[in-house]
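The next block holds one structure in the form of structure tokens; read it before the comments.
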Amino acid sequence: MGISAEEFAMIQDSVDRLLDDIAPVGEVERWDREDSLPRALVERMAGVGLCGIAIPAEFGGLGLGDRETLAVIRRIARRSTALASLYIASVSYAGANILHLGSAAQKAALLPLVAEGKLLFALGLSEPNVGADLASVETRAELDGEEIVINGAKRWCTGADYSDYIYALVRSGGVENRRRNLSFVLVPTDSPGISMTKVETMGMRGPSTNDVRFDDVRVPRDNVMGGFAMWNRAWEQLAGPTLEIEKLQPVAMAIGIGEAAVEEAWAYSQERVQFGTRICGHQSVRHMLAEVQTGLQACKLMLDHSLDLIDRGEASSVQTSMTKLFVADGVVEIVLKCQRILGAYGYAQGFAMERLVRDALVLPIFGGSSAIQKGNIANLLKLPKG
Ligand SMILES: Cc1cc2nc3c(=O)[nH]c(=O)nc-3n(C[C@H](O)[C@H](O)[C@H](O)COP(=O)(O)OP(=O)(O)OC[C@H]3O[C@@H](n4cnc5c(N)ncnc54)[C@H](O)[C@@H]3O)c2cc1C
């Protein structure tokens, strides 16, 4: 369901008002410094309808769509990637996955909790030996009567420490055919047998990322995403309707980071005076600012075009991969250029720029690396392999 430009502007206004209240600059800096942020912020976002933005009204949401969700992610990331990550754990890892892949019982039980800001998922895909090659997942799940027993380890499980469930990709049968015998299981984070160790990262700090171990963790077999009928069918779910939007979430976050960097550099260039003139008067600085504005505009158009294709139900895989590649690499360039405009102040704590640089550097690494997207694009466009 679409909304009018006026309604959309109202959503953005309410996001901005909320951010002024819950994410002032001092708090954003503290979340980054301490690598933690309060989970209660999710309920504040839910309080103005943001967590239920794409959840149908029958489950307590606003019944809007992916375009609106991504617009909110972008707006929040412009202020704080930590808060945007928390939001994604609610609306996307939990909300979108349950909405698109959940059984009727899971939707009825869990979607209202998402809309109320009371349910967060952490994404459990990566493992010590598993990065891009998800079909090689080693964490094992075995059936024992009505229960599933899980053993293994997940890595980079962001927000596992404050989430309710780990949305875990597990090996639920033999490895004969790599893509078969994989399942998605909802593992409550307070289950006996789960242990976690925090991993320090240079950026994206706030929602800390974790190594998670499963030692004989038992969950009911109904905890398979989509119900037990989806046991051994995770690959269909991974490659299903959520994949396209999953590629675009880091894109929305990236554009928010890029916007914040450009705004800071644009403003700074009009304050800093060197050689008797504001530095925005020096041609090389003007050119850099023109370049970053142009790059940012191109990123926004790439995202819009991907969303247009998805909205029209047209094939979008090539475009979403191109968008992830272009925006992730592009925003790194944009942010580094903005940092140069701030000179030494872009390298020091106290300005947002230093944090934005650290946050931006992960964009081509996660959510499908730039190299993986290039492979996807060439393959999808059927370029012969030799
Ligand atoms: C801050 C942060 C948060 C994260 N949060 C989560 C999370 O919540 N849940 C989760 O499951 N994971 C998470 N990840 C992991 C992230 O999704 C992985 O980084 C990603 O899956 C890639 O795995 P890898 O980094 O181990 O790289 P690898 O897959 O080991 O790749 C290493 C290098 O080889 C290249 N490469 C690999 N395969 C190919 C190929 N076929 N063709 C060309 N090049 C290739 C890659 O591009 C990369 O340059 C997070 C990572 C970070 C840094």
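Every number for a ligand or one of its atoms is a count from 1 in the order of the listing.
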Measuring to protein heavy atoms, does anything land under 4.0 Å from atom 34 (O) of ligand 1? no

For ligand 1, which atoms sit closer than 4.0 Å to a heavy atom of Ala371? 43 (C), 44 (N), 47 (O)

of all protein heavy atoms, closest to atom 7 (C) of ligand 1 is Trp156 O, 2.7 Å

What's the shortest distance from atom 12 (N) of ligand 1 to any protein heavy atom, and which residue and atom give it? Ser126 OG, 2.8 Å

Can you tell me which residue and heavy atom of the protein come closest to atom 48 (C) of ligand 1, and the distance to 0.1 Å? Ser369 OG, 4.7 Å

Just checking Gln283: does its CD atom have more than 12 heavy atoms from other residues, nucleotides or ligands closer to it than 6.0 angstrom? no

Nearest 0.5 Å, please: how far is NZ in Lys247 from OG1 in Thr242? 11.0 Å

Assess whether atom CZ of Arg278 is packed by more than 12 heavy atoms of other residues, nucleotides or ligands within 6.0 Å. no

Any idea which protein heavy atom is nearest atom 25 (O) of ligand 1, and the distance to it? Ile365 CG2, 4.3 Å

Above 12 or not: heavy atoms from other molecules or residues under 6.0 Å from OH of Tyr345? no

Using a strict cut-off of 4.0 Å, indicate which atoms of ligand 1 neighbour a heavy atom of Thr158. 3 (C), 4 (C), 5 (N), 6 (C), 7 (C), 8 (O)

How far is atom 30 (O) of ligand 1 from the closest protein heavy atom, and which atom is that? Gly131 CA, 4.5 Å

So if I count the atoms of ligand 1 from 1 in the order they appear, which ones are less than 4.0 Å from some heavy atom of Leu123? 7 (C), 8 (O), 9 (N), 10 (C), 11 (O)

Give the residue, atom name and distance (to 0.1 Å) of the protein heavy atom nearest atom 53 (C) of ligand 1. Val362 CG2, 3.5 Å

Tyr347, OH: over 12 other non-hydrogen atoms inside 6.0 angstrom: no

Any non-hydrogen protein atom less than 4.0 Å away from atom 4 (C) of ligand 1: yes

Looking only at protein heavy atoms, identify the closest one to atom 2 (C) of ligand 1 and say how far it is in Å. Phe366 CD2, 4.0 Å

May I ask you to decide whether Glu259 forms a salt bridge with Arg75, counting only side-chain N to carboxylate O separations under 4.0 Å? no

Within a distance of under 4.0 Å, is there any protein heavy atom near atom 27 (O) of ligand 1? no

His282 and Phe275 aromatic ring geometry - parallel, tilted or perpendicular at 30°/60° bounds: perpendicular

Test Glu127 against every option in Arg171, Lys154, Arg140, Arg213 by the salt bridge (charged side-chain N to carboxylate O under 4.0 Å, His left out) rule and name the one that passes. Lys154

Candidate list Leu248, Leu83, Ile88, test side chain to side chain contact (heavy atoms under 4.5 Å, CB included), partner Ile73, passing option: Ile88

Decide if atom CZ of Arg39 counts as having more than 12 heavy atoms of other residues, nucleotides or ligands within a radius under 6.0 Å. yes

Given Pro250, Ser370, Pro128, Ala132, identify the one with the heavy atom nearest to atom 22 (C) of ligand 1. Ala132

Tell me whether atom 15 (C) of ligand 1 lies less than 4.0 Å from at least one protein heavy-atom position. yes

Minimum distance, heavy atoms only, to atom 41 (N) of ligand 1: which one of Leu361, Val130, Ile372, Asn376 is it? Ile372

What are the atoms of ligand 1, with element, lying closer than 4.0 Å to any heavy atom of Leu125? 11 (O)

Which of these, Thr201, Asp161, Thr158, sits in a side chain to side chain donor-acceptor pair (under 3.5 Å) with Ser208? Asp161

